[in-house]
Q: 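Shown below is the structure under consideration.
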Amino acid sequence: MDKKHVGLLGATSLVGECLQQQFSQNHWHISAFSRQQITQSHAHITWQKLDSASTNTNTNTNIHSNKEEIVYWVCAAPIWTLPEHFNLLLTYGIKRIIILSSTSRFTKLDSSDRAEQNIAQQLTESENQVQAWADAHQIEWIILRPTLIYGYGRDKNITEITRFIYRFGFFPVF
């Protein structure tokens, strides 16, 4: 088992891209999983295309042919997508996982916006499902709940504020 090997779900997400850089700089090998077909080459990254049909079954050995064990995982994809990959993670021999969720799980439960309430409920249910699965398989887990993720001009909040400041030269604070 290579102790410097990590599986990364959601590798093309904003957080996934940052993690790729950090893991590479620290000489970790990354098995990066994405729904997109990635052809770029990097010494520390092996790209794998996720096939949702194969991740839902116990026959997902077609995703990886060398049966290389990956015990450490990070899920930078939306937490509600993680359960469809449980079998894949077990096939690779997962022992530990770090998962991103959101503080919206708590802060939007009583929102006046029904869509926000639904997101909070979805986060809560997903966290409970992940916890039950991990506990049943003796997998160590950590759920991180950031309030806001921003950067690379791909977020909606900070990027809009930046655009406003560049256009008008100030930003109003109420």
Side-chain angles (χ1 to χ4, degrees), residues 4-26 28 30-36 38 45 48 50 52 55-56 70-90 92 94-168 170-174:
K4 303 247 327 169
H5 188 177
V6 64
L8 178 58
L9 292 169
T12 59
S13 69
L14 179 61
V15 173
E17 288 181 12
C18 292
L19 289 172
Q20 287 179 52
Q21 291 176 349
Q22 291 297 311
F23 282 127
S24 292
Q25 288 172 1
N26 289 293
W28 281 71
I30 306 158
S31 288
F33 291 81
S34 178
R35 293 171 298 177
Q36 302 170 28
I38 307 293
I45 302 173
Q48 302 277 351
L50 286 172
S52 61
T55 57
N56 285 326
I70 306 171
V71 296
Y72 304 117
W73 287 82
V74 177
C75 180
I79 190 171
W80 50 80
T81 65
L82 184 57
E84 67 189 64
H85 305 299
F86 284 166
N87 289 330
L88 172 75
L89 300 174
L90 292 172
Y92 275 105
I94 184 174
K95 301 286 185 221
R96 294 185 179 132
I97 188 166
I98 298 171
I99 307 122
L100 286 182
S101 185
S102 173
T103 56
S104 293
R105 175 190 198 264
F106 304 109
T107 61
K108 295 186 177 179
L109 276 175
D110 298 322
S111 172
S112 60
D113 183 338
R114 187 70 185 143
E116 288 185 349
Q117 289 177 13
N118 290 340
I119 289 171
Q121 184 64 33
Q122 188 176 25
L123 290 167
T124 301
E125 290 170 3
S126 298
E127 285 187 17
N128 292 340
Q129 190 175 6
V130 167
Q131 181 180 353
W133 169 79
D135 289 347
H137 294 281
Q138 298 178 334
I139 297 164
E140 294 178 33
W141 56 272
I142 296 172
I143 295 177
L144 302 176
R145 297 184 187 104
T147 301
L148 180 64
I149 297 174
Y150 60 92
Y152 296 135
R154 290 175 39 192
D155 61 276
K156 293 178 184 168
N157 297 313
I158 303 300
T159 301
E160 288 301 316
I161 292 170
T162 303
R163 285 185 188 135
F164 185 96
I165 292 169
Y166 280 135
R167 182 172 180 187
F168 297 106
F170 71 96
F171 186 75
V173 179
F174 300 98

Q: Would you say that Phe86 contacts Ile139 through its side chain, given a criterion of any heavy-atom pair below 4.5 Å between the two side chains?
A: no

Q: For Asp113, look at atom CG and say whether over 12 heavy atoms of other residues, nucleotides or ligands are found less than 6.0 Å away.
A: yes

Q: Walk me through it: do Trp133 and His137 pass the test side-chain contact (heavy atoms from CB on, under 4.5 Å)?
A: CA-CA 6 Å; Trp133 169 79; His137 294 281; 3.3 Å; yes

Q: Ignoring hydrogens and angles, tell me if any N or O in the side chain of Ser104 forms a donor-acceptor pair with the backbone of Thr107 under 3.5 Å.
A: no

Q: Starting at CD of Gln25, measure out to CD of Gln21 and round the result to the nearest 0.5 Å.
A: 6.5 Å

Q: Side chains of Ile143 and Leu100: closer than 4.5 Å at any heavy-atom pair?
A: no

Q: Looking at Ser111, is its backbone amide N or carbonyl O close enough to the side chain of Glu116 to form a donor-acceptor pair, meaning the two atoms are under 3.5 Å apart?
A: no

Q: In this structure, is the centre-to-centre distance between the rings of Phe33 and Tyr92 below 6.0 Å?
A: yes

Q: Can you find a heavy atom in the side chain of Arg145 that is under 4.5 Å from one in the side chain of Arg105?
A: yes

Q: Mind telling me whether Phe23 and Trp28 have parallel, tilted or perpendicular rings, with 30° and 60° as the class edges?
A: tilted

Q: Hey, could you give me the CD1/CD1 distance between Ile97 and Ile142, rounded to the nearest 0.5 Å?
A: 10.5 Å

Q: Stepwise, does the side-chain contact (heavy atoms from CB on, under 4.5 Å) test hold for Leu8 with Ile45?
A: CA-CA 10 Å; Leu8 178 58; Ile45 302 173; over 6 Å; no

Q: Do side-chain atoms of Thr81 reach the backbone of Ala77 as a donor and acceptor pair under 3.5 angstrom?
A: no

Q: If you measure from OG1 on Thr12 to CZ on Arg35, what distance do you get to the nearest 0.5 Å?
A: 7.0 Å

Q: Do other residues, nucleotides or ligands put more than 12 heavy atoms under 6.0 Å from Phe171 CZ?
A: yes

Q: Could you check whether Glu127 and Ser101, counting side-chain N and O atoms only, form a donor-acceptor pair closer than 3.5 Å?
A: yes

Q: Give the C-alpha distance, both sets of side-chain angles, the deciding distance and a yes or no for side-chain contact (heavy atoms from CB on, under 4.5 Å) between Leu109 and Gln117.
A: CA-CA 5 Å; Leu109 276 175; Gln117 289 177 13; over 6 Å; no

Q: Check Ile30 against Gln20 and note the closest heavy-atom contact, atom names and distance.
A: CD1-O, 3.6 Å

Q: In Å and rounded to the nearest 0.5 Å, what is the CD1 to OG1 distance from Ile165 to Thr162?
A: 6.0 Å

Q: Are Trp73 and Ile98 packed together at the side-chain level, in the sense that at least one heavy-atom pair is separated by less than 4.5 angstrom?
A: no

Q: Step by step, would you call Lys95 with Glu140 a salt bridge (Lys or Arg N to Asp or Glu O under 4.0 Å)?
A: CA-CA 6 Å; Lys95 301 286 185 221; Glu140 294 178 33; over 6 Å; no

Q: Using a cut-off of 6.0 Å, state whether more than 12 heavy atoms not belonging to Glu160 lie near its atom CD.
A: yes

Q: Quick one: pull up CG in Leu14 and CG in Leu19 and give me the separation to the nearest 0.5 Å.
A: 10.0 Å

Q: Show your reasoning for whether side-chain contact (heavy atoms from CB on, under 4.5 Å) applies to Ile70 and Ile94.
A: CA-CA 6 Å; Ile70 306 171; Ile94 184 174; over 6 Å; no

Q: Contact between Ser34 and Leu50 at the side-chain level, heavy atoms closer than 4.5 Å - yes or no?
A: no

Q: Can you find a pair of side-chain heavy atoms, one from Ile99 and one from Leu144, that are under 4.5 Å apart?
A: no

Q: Check whether Ser13 reaches the backbone of Gly10 with its side chain - one donor and one acceptor, N or O, closer than 3.5 Å.
A: yes

Q: Can you find a heavy atom in the side chain of Val74 that is under 4.5 Å from one in the side chain of Val6?
A: yes

Q: On a heavy-atom basis, which atom in Tyr72 and which in His5 lie closest, and how many Å separate them?
A: CD1-O, 3.6 Å

